[in-house]
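Everything numeric here is computed off the predicted structure, so don't read it as measured data.
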Amino acid sequence: GKVVLVNFWATWCGPCRAEHPEFQKLFDKLKDRSGVTVISFNVDDDLGKVAPYMKENKYTFPVLLAQDFVQAYLPVVAIPQNWFLDSNGELQWIQVGYGGDPKWQEMMTAKLDEVLKFRP
């Protein structure tokens, strides 16, 4: 029943690593917002790298180790990738890649607000 922001990433992905400081700030803004859930799916082959990466960077956003799941259901996924799902679980918007846009958080928040207003 919530709007969900899903982030796909890997520790070896340069653009993912560049996006994460901004993603963490966005998560901090959204984590207590009612009606919104944030989750990330890590697609690393070496799952032993994920926890040290999160700890080293002091990231607190939730991570699912989802390489097998993503490979089984989404065989071609460019990362980083962010999805907004509406309260019915329907995909409403996809953002692919990260180029360091200084207005990235603002854009993501605006898209989230659009999805929150959408009533299927």
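Here the side chains of Leu5 and Ile39 are not in contact, with every heavy-atom distance at 4.5 Å or above.
The distance between the ring centers of Phe27 and Phe23 does not fall below 6.0 angstrom.
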- Message: Please determine whether side-chain contact (heavy atoms from CB on, under 4.5 Å) holds for the pair Asp28 and Thr60, giving the CA-CA distance in whole Å, both sets of side-chain angles, and the decisive distance to 0.1 Å.
- Response: CA-CA 9 Å; Asp28 290 341; Thr60 60; 4.0 Å; yes
- Message: Walk me through whether Trp9 and Tyr53 qualify under ring pair (Phe, Tyr, Trp, His ring centres under 6.0 Å).
- Response: CA-CA 12 Å; Trp9 67 279; Tyr53 171 81; 5.4 Å; yes
- Task: Apply the test side-chain contact (heavy atoms from CB on, under 4.5 Å) to residues Leu30 and Leu112: give CA-CA distance (whole Å), side-chain angles for both, the deciding distance (0.1 Å), then the verdict.
- Result: CA-CA 10 Å; Leu30 300 177; Leu112 174 67; 3.4 Å; yes
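With Gln67 as the fixed residue, the side-chain hydrogen bond (donor to acceptor under 3.5 Å, both in side chains) test singles out one of Asp44, Asn42, Asp46, Asp45: Asp45.
The pair Glu22-Lys25 meets the salt-bridge criterion, with a side-chain N (NZ, NE, NH1 or NH2) lying under 4.0 Å from an Asp/Glu carboxylate O. Ion pairing between a basic and an acidic side chain is recognised when a charged N comes within 4.0 Å of a carboxylate O; Asp86 and Lys2 show no such pairing.
How far CZ of Phe41 is from OH of Tyr73: 11.5 Å, rounded to the nearest 0.5 Å. Interatomic distance, CZ of Arg33 versus OG1 of Thr109, reported as 7.5 Å (0.5 Å rounding). Annotation: the span from Ser40 atom OG to His20 atom NE2 amounts to 6.0 Å, rounded to 0.5 Å. Atom CH2 in Trp83 sits 6.0 Å away from atom CD1 in Ile94 (nearest 0.5 Å). Summarising the geometry, atom CZ belonging to Phe84 is positioned 11.0 Å from atom CD belonging to Gln92; distances are rounded to the nearest 0.5 Å. To the nearest 0.5 Å, the span separating CG on Leu85 from CG on Leu91 amounts to 6.0 Å.
Between Gly35 and Leu116, the closest heavy-atom pair is O-CD2, 3.8 Å. Val96 and Ala78 get closest at one heavy-atom pair: CG1-CB, 3.8 Å. For the pair Val63 and Val50, the tightest heavy-atom approach, listed with the atom from each and the gap, is CG1-CG1, 4.1 Å. The minimum heavy-atom distance linking Pro15 with Pro80 is given by the pair CB-CD, 3.6 Å.
Side chain to side chain, Glu19 and Asn7 meet the donor-acceptor criterion of an N or O pair below 3.5 Å. Between the side chains of Lys29 and Gln105, a donor-acceptor pair is found at a separation under 3.5 Å.
Between the Arg17 side chain and the Trp12 main chain, no donor and acceptor come within less than 3.5 Å of each other. No donor-acceptor distance shorter than 3.5 angstrom exists from the side chain of Glu106 to the backbone of Met108, with no hydrogens or angles considered.
The aromatic rings of Trp104 and Tyr98 stand perpendicular to each other, their planes meeting at an angle above 60°, with 30° marking the opposite boundary.
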